[in-house]
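A short write-up of the structure that comes next.
Everything numeric in this text was worked out from a predicted model, so none of it was measured. In listed order, ligands and their atoms are each counted from 1.
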Amino acid sequence: MTTSEPKPAGGQAPARQDTPTKYEYNATVTQRTEVAPGLIIMRVVPDDLPFPFKAGQYVALGLRAREPRVSGADDESEGEGIVAARGGLIRRAYSIASSSRGDEFLEFYLTLVRSGDLSPRLFHLGVGDRLHLGPKAVGVFTLDKTPRDRHVLLAATGTGLSPYMSMLRTDLACGGWRRFVILQGARHSWDLGYRSELVALRRLCPNLTYIPVISRPSGDPNWRGRAGYLQDVLISSAVRKESGLYLSPKIFHVYLCGNPAMIEAATVRLIERGFVKDKPGEIGTIHVEEYW
Ligand SMILES: Cc1cc2nc3c(=O)[nH]c(=O)nc-3n(C[C@H](O)[C@H](O)[C@H](O)COP(=O)(O)OP(=O)(O)OC[C@H]3O[C@@H](n4cnc5c(N)ncnc54)[C@H](O)[C@@H]3O)c2cc1C
């Protein structure tokens, strides 16, 4: 995506709402934690009271094109200065990872796209730096889509974990009836952001099953967990072995977030098992949020 607009779910450009004052810097970075090279968790505090949101929703973050890019990112090539020429903000959509019950900060889990317009600038930010935060959270990738008598399986690659961290932090009733099965995919074990929090939650909450999966085990000799592509692990016996539940649309709704190729492959496999993807105006048993 190379425009200055945030990219919403489904890839459709939102209607422009340009008024210059809407695009001011109105938030401050209060924490920046490096998970691994090219992966950070960033906390942002809005100048005004934070807006209400539902776990799973996203918001726009923005920076001006004149802001510096983090070292190690690709140079911006000549001729891609449309945004700079407009003097506008570069804005993109980011899922909120913090609990919707908290009002002190918003947390984001960010990956660096070295050739990208915004993420190299976000990665240059440090504590105390200012940025633009969109005026409200949007999106329908929420737990509302799942009836109360169904369990949920949440599968993510990379920073696609963000909305699930918000869901767990907001809605995981530890020891409650609803089972949460979370599949987290990354290339290497060190790219599994939030792993220690998820492992701790798994120990505390018998209704949480956490299955981390890495796709490049050859570079990770100490890894003792599952390896392969997330979509393959999803439809293997792993879910039944680790949760004791059979992956069936009669008992589960499945959420897929992150890499579009993973989402496509997983969706095909799930449909073969009787799951149904959401359609406009019709809620199915597969809910997706593609990041690009
Ligand atoms: C609803 C929604 C929620 C999102 N939430 C998050 C989030 O929580 N954390 C996060 O890091 N990103 C998230 N994204 C992606 C984010 O909006 C940007 O696309 C991403 O930060 C890249 O922006 P950029 O300006 O640096 O690159 P751009 O200049 O916009 O993109 C350049 C190209 O990089 C590729 N690309 C984009 N994102 C990725 C990626 N994550 N990994 C690999 N290649 C990519 C695409 O092919 C894209 O065309 C979300 C996207 C959507 C639609």
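A side-chain donor from one of Tyr255 and Thr146 sits under 3.5 Å from a side-chain acceptor of the other. With hydrogens and angles left out, the side-chain atoms of Ser95 and Tyr291 include a donor and acceptor closer than 3.5 Å.
Residue-level proximity to ligand 1 for Tyr109 is carried by the backbone, the only part with a heavy atom below 4.0 angstrom. Contacts between Glu290 and ligand 1 below 4.0 angstrom, taking non-hydrogen atoms only, involve the backbone exclusively. Contacts between Ser162 and ligand 1, counted as non-hydrogen atom pairs separated by less than 4.0 Å, involve the side chain only.
In the vicinity of Pro120, heavy-atom distances shorter than 4.0 Å reach the ligand 1 atoms 26 (O). Below 4.0 Å from some heavy atom of Leu110 lie the following atoms of ligand 1, by number and element: 11 (O).
Distances from atom 24 (P) of ligand 1 to the heavy atoms of Ile96, Thr159, Leu161, Asp117 show the closest one on Asp117. If you check each of Phe108, Tyr58, Trp292, Phe123 against atom 39 (C) of ligand 1, the one with the closest non-hydrogen atom is Trp292.
The distance criterion of under 3.5 Å between nitrogen or oxygen atoms is met by Leu118 with respect to ligand 1. The distance criterion of under 3.5 Å between nitrogen or oxygen atoms is met by Tyr94 with respect to ligand 1. Note: no N/O pair closer than 3.5 Å links Val113 and ligand 1 by distance alone.
Around the CZ atom of Arg187, the shell of radius 6.0 Å holds no more than 12 heavy atoms that belong to other residues, nucleotides or ligands.
Rounding to the nearest 0.5 angstrom, the gap separating the CG atom in Leu125 from the CD atom in Glu67 is 7.5 Å.
With Ser243 as reference, Thr209 is the one residue of Leu153, Thr209, Leu208 to meet the side-chain contact (heavy atoms from CB on, under 4.5 Å) rule.
Judged purely by atom type and a 3.5 angstrom limit, Tyr109 uses its side chain to pair as donor or acceptor with the backbone of Gly193.
Geometrically, Arg130 does not engage Tyr25 in a cation-pi contact defined by less than 6.0 Å to the ring centre and at most 45° from the axis.
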